[in-house]
Number of protein chains: 2
Amino acid sequence: MATVPRPGPYVCGIDAAMDVIGGKWKVLILWALDERGSCRFGELRRLVPGITEKVLAAHLRELEADGVVHRESYQEVPPRVEYSLTPTGARLNAALAPLGAWGREHVLGGVPHPDAPR
Amino acid sequence: MATVPRPGPYVCGIDAAMDVIGGKWKVLILWALDERGSCRFGELRRLVPGITEKVLAAHLRELEADGVVHRESYQEVPPRVEYSLTPTGARLNAALAPLGAWGREHVLGGVPHPDAPR
DNA sequence: CGGTATCCACGATGATACTG
DNA sequence: CAGTATCATCGTGGATACCG
């Protein structure tokens, strides 16, 4: 992965996108944010079981730098931060839908119900 | 990545698919095979500049184990091997198209020509 | 031509502890 | 609550040499 000044040069749009979603947990984070609309840090940690705080924080910073996640920090005590998808992030998620359908059909067992998301 | 008995369990189809295309050069290999239809080993090496023989061979073995690439070995001398996409692989490539469009638009500069593939 | 066999470097991730 | 700091680990990929 990387942050926004891309190392490139990219051969095509796909490896550029792969660089954005290349982190081990990134698509799960995007998925959680897409379903919930807005999440706090601890909530995300629970929604992505197994991820450590360090990696979650790092992934969120990269996704933010890539313009797909918005971070809103409320200066309160106790601290409160809300993460959400940007419009660009929502479009990325939509672009991932066909890939999810392929994975369900060809990697996981067949297609039990065509309306199950991802 | 991994070979066909998947480590899983996957949370959704997307991370299952990500595991198939997760290698550094895999989408480029799929792209090349999609454009050419069928490629020999040395041809692929030229079409994916920078990849080493070892990694190309490893990626091809994994893609084959995942059922997206077909390997046809002709018992001749000099040796000849042809790689091509399986129907499943072609569908995977089609599923990657929206992701490529997103990458072109949001990571690379705008959309100079809407007919350029990937 | 189409690979394998070794060895190695590096970056990404994991574990744990601590802080504003 | 929402992180940061530090260190250990592990897997992917790179370099090079060799083989049927």
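Heavy atoms only: backbone and side chains are in, while hydrogens, waters and symmetry mates are out. This is a predicted model, so every value here is computed, not measured.
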Give the rounded distance in Å between these two atoms: [atom1] of [X] and [atom2] of [N].
| X | N | atom1 | atom2 | answer |
| --- | --- | --- | --- | --- |
| B:Phe41 | C:dG3 | CZ | P | 5 Å |
| B:Glu64 | C:dG2 | CD | P | 15 Å |
| A:Leu56 | C:dA15 | CG | C1' | 16 Å |
| A:Arg45 | D:dC1 | CZ | P | 8 Å |
| A:Asp19 | C:dG11 | CG | C1' | 13 Å |
| A:Glu72 | D:dA2 | CD | P | 14 Å |
| A:Leu60 | C:dT13 | CG | P | 13 Å |
| B:Arg61 | C:dA5 | CZ | C1' | 11 Å |

Q | B:Trp25 versus B:Gly50, closest heavy-atom pair with distance | A |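 Heavy atoms only, the tightest pair is CH2-C, 3.8 Å.
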**Q.** Closest non-hydrogen atom pair between A:Leu30 and A:Asn93, with its separation
**A.** O-ND2, 3.1 Å
Would you say a side-chain N or O of [X] is under 4.0 Å from OP1 or OP2 of [N]?
| X | N | result |
| --- | --- | --- |
| A:His59 | C:dA12 | no |
| A:Tyr83 | D:dG3 | yes |
| B:Arg46 | C:dC1 | no |
| A:Arg40 | D:dA2 | yes |
| B:Arg71 | C:dG2 | no |

Q. Can you tell which of C:dT13, D:dT4, D:dG13 lies closest to the side chain of B:Lys24?
A.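 In terms of side-chain proximity for B:Lys24, the closest of C:dT13, D:dT4, D:dG13 is D:dG13.
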Q: Choose from D:dT4, D:dG13, C:dC1 the nucleotide whose nearest atom is closest to any side-chain atom of B:Pro78.
A: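 In terms of side-chain proximity for B:Pro78, the closest of D:dT4, D:dG13, C:dC1 is C:dC1.
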Q) For A:Gly67, does its backbone N or O pair with a side-chain atom of A:Thr86 as donor and acceptor, under 3.5 Å? A) yes
Q. Just by distance, do the side chain of B:Glu64 and the backbone of B:Arg61 share a donor-acceptor pair under 3.5 Å?
A. no
Q) Base, backbone or nothing for each nucleotide of nucleotides 15-20 of chain D, written B, S, -, heavy atoms under 4.0 angstrom, 5' to 3'? A) B-B--B
Q | Contact nearer the 5' end of DNA chain D, comparing A:Glu43 with B:Ile51 | A |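 Closest to the 5' end, via its nearest nucleotide, is A:Glu43.
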**Q.** Contact list for residues 83-100 of chain A, test salt bridge (Lys or Arg N to Asp or Glu O under 4.0 Å), sequence neighbours left out
**A.** none
Q) Any salt bridge between B:Arg80 and B:Glu82, counting N to O under 4.0 Å? A)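 Counted as a salt bridge, because a side-chain N and a carboxylate O are separated by less than 4.0 Å.
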Q.
Nearest 0.5 Å, please: how far is CZ in B:Arg40 from CG in B:Leu47?
A. 13.0 Å
